[in-house]
K.L.:
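One structure follows; several queries about it will come next.
Heavy-atom basis, side chains included; hydrogens, waters and symmetry copies ignored. Predicted model, so just to flag it, every value in this text is computed and none were measured. Per chain, numbering begins at 1; letters A, B, ... match sequence-line order.
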Number of protein chains: 2
Amino acid sequence: MDRLNLLSFAPFRLNRLATEFSNALAADYARFGIDIPEWRVLATLGQHEGPRSAAYVVRCTRTHKSRISRAVSHLIELGLLERQESGDDRREIMLQLTTQGRATYAELVPILLEREAKLLSGLSEAQRRDFDRLLEVLEESLGLARRGEE
Amino acid sequence: MDRLNLLSFAPFRLNRLATEFSNALAADYARFGIDIPEWRVLATLGQHEGPRSAAYVVRCTRTHKSRISRAVSHLIELGLLERQESGDDRREIMLQLTTQGRATYAELVPILLEREAKLLSGLSEAQRRDFDRLLEVLEESLGLARRGEE
DNA sequence: CGCATAAAGTTGCAACTGCAACAAGCAGAG
DNA sequence: CTCTGCTTGTTGCAGTTGCAACTTTATGCG
């Protein structure tokens, strides 16, 4: 009979690793009172100068629109974000970071990049390239390709 | 100012990949009416002949004990598992698959192994070895080492 | 125009999760 | 023996999540 060792089973391992990564980051966000989906919204809008629609954020982050909607509401409560009506399509709601939102983004980014570096610090330079390449291949074959929405 | 591209950010990518993997597997479990934590219990007990305690399952799966507790209850309802008292420590509850539980395990394992193979099918043989090695290194540096509880 | 269809966001709901508190049982010190 | 503290497993609770239904607005077809 086939057996299966959970600790060698790729989906399980990946899941556990991702959870560990997420928890490590959560500690960083927590200082600013935000969680993962909220960080994703912040990160997406922080990359650009101008406003973007919620649908754009949904596409970029590959996160469910209800989660984005709630994250946006909370960021607004925190004063990091504001909604503004779109001129040409009144269904669309354009999102833009406030000054405080930009400040938070600027403060958070170096912290998170450092956290990422620490999480990957066990890997050699070559391994880091392998890692990147592997993620790319797997994303590609799962239809999560990094194309589009830049 | 530092910027951060979410799509290049390892924690985000890992998270998305793991979610995708999990969802793919969930479709397989669903046929048997079980979910991820339940599968983990099944997988852990299926590897052995004899009974094991819930704490053992917790350690093997690195899953919170409340989750395991609820998973166990459900598996019992489904008739896949039974509890039996431990002789020497009456706090411990030993868990053992029923005949039906073993049958489900035997049926599920090949399906899941095939699913895993499909998810990794984009990788060459060499890349698969790299992948395994990278997971090992990252697990190691996060204290998720594969040692113990075999 | 008028109708059907589709997209953008929001929200209610039910399911799931983790934490902390808990009951029951064990183990060691004095 | 008994008191304290630890471990095992369960459960209440509050927070989070995804899905589906819904509102509002746009679009396409006849």
K.L.:
Taking only nitrogen or oxygen atoms into account, show me every contact under 3.5 Å that the protein makes with nucleotides 19-23 of chain D, one pair per line with its distance.
P.N.:
unit_1  : atom_1 : unit_2   : atom_2 : d
dC19(D) : N4     : Ser66(A) : OG     : 3.4

K.L.:
Can you work out whether Arg90(A) or Val72(B) has the more 5'-proximal nearest nucleotide on DNA chain D?
P.N.:
Val72(B)
K.L.:
Could you check which of dT17(D), dA8(C), dT11(C) has an atom nearest any side-chain atom of Ala55(A)?
P.N.:
dA8(C)
K.L.:
Specify the separation, in whole Å, of atom OH of Tyr56(A) and atom P of dG9(C).
P.N.:
13 Å
K.L.:
Counting C-beta onward and ignoring hydrogens, is there a side-chain heavy-atom pair between Trp39(B) and Leu75(B) closer than 4.5 Å?
P.N.:
no
K.L.:
Between the side chains of Arg52(A) and His48(A), is a donor N or O closer than 3.5 angstrom to an acceptor N or O?
P.N.:
yes
K.L.:
Would you call Arg133(A)-Asp130(B) a salt bridge at under 4.0 Å N-O?
P.N.:
no
K.L.:
Take the protein atom CD of Glu85(B) and the nucleotide atom P of dC26(C), then report the distance between them rounded to whole Å.
P.N.:
10 Å
K.L.:
Provide, to the nearest angstrom, the distance between the CD1 atom belonging to Ile36(A) and the P atom belonging to dG15(D).
P.N.:
18 Å
K.L.:
For dA7(C), does the base pair up with any side-chain atom of Arg91(A) as donor and acceptor (N or O, under 3.5 Å, distance only)?
P.N.:
yes
K.L.:
Tell me every residue that passes salt bridge (Lys or Arg N to Asp or Glu O under 4.0 Å) with Glu125(A), counting only those two or more places apart in sequence or in another chain.
P.N.:
none
K.L.:
Could you tell me whether Glu49(B) and Arg3(A) make a salt bridge, using a distance below 4.0 angstrom between a side-chain N and a carboxylate O?
P.N.:
yes
K.L.:
Need one value for Ser53(B): base, sugar-phosphate or nothing, where a base atom within 4.0 Å counts as base even if backbone is also close, heavy atoms only.
P.N.:
sugar-phosphate
K.L.:
What are the two closest heavy atoms between Arg128(B) and Leu120(B), and how far apart are they?
P.N.:
NH2-O, 3.4 Å
K.L.:
Nearest whole Å is fine: how far is dT11(D) P from Ile68(B) CD1?
P.N.:
15 Å
K.L.:
So for atom CD, which belongs to Gln84(B), do other residues, nucleotides or ligands contribute more than 12 heavy atoms lying within a distance under 6.0 Å?
P.N.:
yes
K.L.:
What is the distance from CG of Asp35(A) to C1' of dG18(C), rounded to the nearest Å?
P.N.:
15 Å
K.L.:
His74(B) has an atom NE2; how far is it from atom P of dG9(D), in whole Å?
P.N.:
20 Å
K.L.:
So, is Arg83(A) close to the dT10(C) phosphate, meaning a side-chain N or O under 4.0 Å from OP1 or OP2?
P.N.:
yes
K.L.:
Name the closest nucleotide to the Ile93(B) side chain, picking from dC26(C), dG9(D), dT17(C).
P.N.:
dG9(D)
K.L.:
Using OP1 and OP2 only, check whether a side-chain N or O of Arg67(A) sits under 4.0 Å from dG18(D).
P.N.:
yes
K.L.:
Using whole Å, report how far CD of Glu92(B) lies from C1' of dG25(C).
P.N.:
11 Å
